[in-house]
Amino acid sequence: MSVVTRFAPSPTGFLHIGGARTALFNFLYARHHGGRYLLRIEDTDRQRSTAEAIDAILDGLAWLGLEGDAPPVYQSQNAARHAEVAERLLAEGAAYKCYLSAEELDAQRKAARAEGRPMRIVSPWRDRDPADAPEDAAPVLRIKMPQDGETRIQDEVQGEVTIGHQQLDDFVLLRGDGSPTYMLSVVVDDHDMGVTHVIRGDDHLTNAFRQHHLYKACGWEPPSFAHIPLIHGPDGAKLSKRHGALGVDAYREMGYLPEALKNYLLRLGWAHGDDEVISEAQAVEWFDLPGVGRSAARFDFKKLEHLNGHYLREAEDARLTEAVIERLSRDIPVDDAGRARVAAGMAGLKTRAHTLAQLAQDARFYLERPQFPLDNPKAEKLLQGGGAAVARGAGEALAELEDWTEEALEAQLRAFAETHGLGFGKVAQPLRAALTGSNASPGLFELMVILGKTEVLARLLETPEH
RNA sequence: GACCCCUUCGUCUAGUGGCCUAGGACAUCACCCUUUCACGGUGAAGACACGGGUUCGAGUCCCGUAGGGGUCGCCA
């Protein structure tokens with residue numbers, strides 16, 4: 001039987017980093033086994049689901065290249081089918097109408113907790129004559145779960161997990177208004193979509209037991225389950241808004257490349273020996289469930305950043321130029337000449353940055369002259385104590401230069417340093433500051449060639465006294 | 001509270017009873033390269049949570065303790 005996996009987010013917010021990893025694993029597993037990877041939007045909670053969230057999730061997946069092999073299924077559209085299955089269960093005696101009130105439910109839970117028992121609802125309506133039902137109440141439909149014994153599940157990540165049936169209560173299939181609950185919908189949809197492997201966060205582990213019995217009640221074969229550990233924040237606690245539970249769009253905005261984020265997420269909880277930098281093709285070839293770890297992992301921005309730097313260096317200059325111009329043009333005008341400079345300088349720029357945001361910042365000097373006094377205190381300091389004079393002096397020395405090439409520039413500047421009795425660094429750093437407004441930049445001669453003689457002379461000669 | 005899961009360097013992890021005086025990566029520190037930064041190179045420091053077993057031999061198997069996480073909705 002061919003593998004079918006699915007990623008099934010509920011559209012109550014953006015696609016967060018844990019969801020992205022779950023999608024990745026489902027995608028990789030399907031690809032590795034030559035199967036299909038599907039998407040399903042779990043929007044059965046009409047109150048909390050929003051169109052914006054759906055767009056955000058789909059956008060996030062598209063950016064990561066994790067779109068499904070078929071258009072997404074919208075769970076809410078299958079409500080009639082879900083109800084039909086529930087009615088069938090009722091007719092077969094595998095489910096019953098329960099008239100317990102909210103107060104009675106609450107009292108049961110309180111009592112269970114007080115007595116140290118599992119918090120399980122026991123409905124008298126399971127065995128009571130439906131004829132006793134109150135007239136005006138809208139009942140929920142509950143499934144009849146086994147009451148004795150235990151259930152064992154062979155989870156592909158967690159291994160063998162067993163739970164006693166005292167833990168499992170008769171959960172609700174259909175609400176008072178006749179709408180299906182999540183528990184019913186997932187099972188019916190997964191079955192209808194032919195899902196063979198359910199790979200999801202391990203916060204769903206206990207649901208697997210409920211769903212297992214629902215499959216059985218329906219007369220269907222349960223899929224195999226794989227519950228992957230959750231991602232924690234840097235402090236080991238649950239991921240919060242503050243440190244990582246951001247939408248993938250936030251990572252995009254911070255300047256991470258999708259391939260870097262995927263590589264990072266892949267290594268979080270999964271390993272293939274000592275391999276760290278893994279291409280998508282290799283990931284497809286190597287990924288499998290036995291390689292997934294069982295413990296939660298903390299999110300580490302430093303490592304993501306390192307990986308991002310790697311992929312930045314590997315990326316095509318044209319792609320990077322495009323991204324940088326897009327960012328820069330948000331607040332400064334970019335003309336064709338400026339764009340050409342950024343493109344020409346990209347090779348020298350990209351080896352130094354770790355995110356697109358940094359890359360854009362580093363490329364800024366190709367588009368606008370430094371504003372004095374400089375924001376960068378280290379650069380400002382380089383121009384003090386004679387630095388500015390060195391820059392102007394070098395500007396004058398360069399005015400004569402005909403051959404505006406890296407070689408000629410270097411020869412001229414080294415000669416300049418020598419005649420002034422200065423180490424080359426004492427000349428290069430003030431020039432760097434005057435030309436780029438920073439103490440760190442691509443190679444001096446390289447950027448001088450790209451900036452062009454006119455611009456270089458202008459910046460050097462106009463360096464104000466410090 | 002009940003139940004389930006987890007526990008190797010600061011972090012992500014390799015490790016499936018002897019190959020482990022525990023390997024790699026990020027981060028840290030030092031040095032090298034060098035016009036700066038980044039890259040790269042070399043090296044250093046750094047972990048099997050604890051306690052019992054099983055075994056000729058345990059990071060690897062079993063039990064317990066501690067710590068962490070998850071779940072207990074007419075949410076998903």
Side-chain angles (χ1 to χ4, degrees), chain A residues 8-12 42-45 47-49 75 98 100 102 105 109 112-121 138-142 155 158-159 161-164 166-169 171-177 179-183 185-186 201-207 209 227 229-230 232 234 236-238 264 267-277 290 293-307 309-310 313 348-354 358 362 378-379 382 410 413-414 417 423-429 431-433 436 438-445:
Chain A
S10 62
T12 52
E42 312 245 293
D43 55 350
T44 50
D45 184 344
Q47 309 304 345
R48 299 202 300 157
S49 300
Q75 190 157 66
C98 170
L100 245 25
L105 256 23
R109 290 193 186 100
R113 189 182 179 111
E115 293 166 33
R117 287 186 284 112
M119 285 195 276
R120 187 174 81 115
I121 296 302
V140 299
L141 199 67
R142 287 183 187 275
D155 189 277
Q158 303 294 337
V161 186
T162 305
I163 202 170
Q166 322 72 40
Q167 305 297 326
L168 271 19
D169 61 6
F171 59 91
V172 174
L173 260 19
L174 249 29
R175 301 188 181 99
D177 65 1
S179 64
T181 60
Y182 159 81
M183 213 62 75
S185 300
V186 244
D202 74 10
D203 50 340
H204 282 286
L205 183 57
T206 52
N207 286 336
F209 293 90
H227 291 91
L230 269 14
H232 288 171
K238 210 167 162 182
Y264 178 71
R267 281 289 290 104
L268 214 52
W270 176 86
H272 181 268
D274 285 339
D275 295 300
E276 295 286 348
V277 175
R294 273 169 295 274
S295 57
R298 301 186 189 202
F299 195 89
D300 179 15
F301 272 100
K302 287 290 188 188
K303 191 157 183 178
L304 204 212
E305 223 171 77
H306 175 264
L307 235 19
H310 169 84
R313 268 171 265 133
L349 251 15
K350 71 180 182 183
T351 60
R352 296 172 163 79
H354 288 98
Q358 287 168 14
D362 295 349
K378 286 182 182 169
L382 288 170
E410 174 159 12
L413 253 15
R414 286 198 186 276
F424 186 67
K426 291 292 180 193
V427 172
Q429 282 305 77
L431 288 207
R432 190 184 311 281
T436 71
S438 171
N439 61 314
S441 79
L444 199 53
F445 314 121

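Below, chain A is the first sequence line, B the second, and so on; all start at residue 1.
- Considering only side-chain atoms of A/Met119, the nucleotide from B/rG1, B/rC3, B/rC26 that sits closest is B/rG1.
- When rounded to the nearest whole Å, the span between CG of A/Asp203 and P of B/rA76 equals 14 Å.
- Rounded to whole Å, the distance from CD on A/Gln158 to P on B/rC3 is 19 Å.
- Residue A/Leu304 is the one, among A/Asn207 and A/Leu304, whose nearest nucleotide of RNA chain B lies closer to the 5' end (criterion: closest heavy atom).
- We find that CG of A/Asp202 is positioned 10 Å from C1' of B/rC4, with the value rounded to whole Å.
- Rounded to whole Å, atom P of B/rG69 lies 12 Å from atom CG of A/Leu230.
- Close to B/rA76, at under 4.0 Å from its OP1 or OP2, lies a side-chain N or O of A/Thr44.
- One interatomic measurement links the two molecules: CE of A/Met183 to C1' of B/rG73, which rounds to 9 Å at whole-angstrom precision.
- For B/rC12 and B/rA2, the C1' atoms lie 33 Å apart once the distance is rounded to whole Å.
- If you take atom P in B/rC31 and the same atom in B/rC20, they sit 32 Å apart, rounded to whole Å.
- Here the closest non-hydrogen pair linking A/Gln75 and A/Glu42 is NE2-OE2, 3.2 Å.
- Using N1 to N3 plus N6-O4 or O6-N4 for Watson-Crick, or N1-O2 and O6-N3 for G-U wobble, each under 3.5 Å, B/rG64 pairs with B/rC50.
- With sequence neighbours left out, the salt bridge (Lys or Arg N to Asp or Glu O under 4.0 Å) criterion links A/Arg117 to A/Glu115.
- Aromatic stacking is not marked for A/His232 over B/rG68, as the cut-offs of 5.5 Å for the centres and 30° for the planes do not both hold.
- Of the P atoms belonging to B/rC4 and B/rC56, the separation is 33 Å, rounded to the nearest Å.
- The partner of B/rU28, taking Watson-Crick or G-U wobble pairs whose two distances both stay under 3.5 Å, is B/rA44.
- As rounded to the nearest Å, B/rU11 and B/rU28 have P atoms that lie 16 Å from one another.
- Residue-to-nucleotide proximity on RNA chain B shows that, of A/Glu410 and A/Ala8, the 5′-proximal contact is made by A/Glu410.
- Side chains of A/Leu413 and A/Leu431 form a contact here, defined as non-hydrogen atoms less than 4.5 Å apart.
- We find that CZ of A/Arg113 is positioned 13 Å from C1' of B/rU71, with the value rounded to whole Å.
- With both ends at atom P, the span from B/rG10 to B/rG46 equals 10 Å, rounded to whole Å.
- Between B/rA44 and B/rA49, the two P atoms lie 25 Å apart (nearest whole Å).
- B/rG24 and B/rA47 have their P atoms separated by 14 Å, given to the nearest Å.
- Nucleic acid contact for A/Val140: base, since at least one base atom lies under 4.0 Å from a heavy atom of the residue.
- The nucleotide whose nearest atom lies closest to any side-chain atom of A/Arg294 is, among B/rA2, B/rA76, B/rC6, B/rC6.
- Atom-to-atom, NE2 of A/His306 to C1' of B/rA25 comes out at 8 Å; the value is rounded to the nearest Å.
- B/rC5 atom C1' lies 10 Å from atom CZ of A/Phe209, rounded to whole Å.
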Between the protein and nucleotides 12-16 of chain B, list every N/O to N/O distance that falls short of 3.5 Å.
unit_1 : atom_1 : unit_2   : atom_2 : d
B/rC12 : OP1    : A/Arg298 : N      : 3.0
B/rC12 : O2'    : A/Arg267 : O      : 2.9
B/rC12 : O2     : A/Lys303 : NZ     : 3.2
B/rU13 : OP1    : A/Gly269 : N      : 2.5

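- As judged by a 4.0 angstrom heavy-atom cut-off over every strand, A/Leu444 is placed among the base-contacting residues.
- In terms of modelled atom types and a separation under 3.5 Å, the side chain of A/Thr181 and the main chain of A/Val172 share a donor-acceptor contact.
- Rounded to the nearest Å, the gap between the P atom of B/rG1 and that of B/rA45 is 44 Å.
- Not one side-chain nitrogen or oxygen of A/Arg352 sits closer than 4.0 Å to the OP1 or OP2 atom of B/rC39.
- Judged by Watson-Crick or G-U wobble contacts below 3.5 Å, the nucleotide B/rA76 has no partner.
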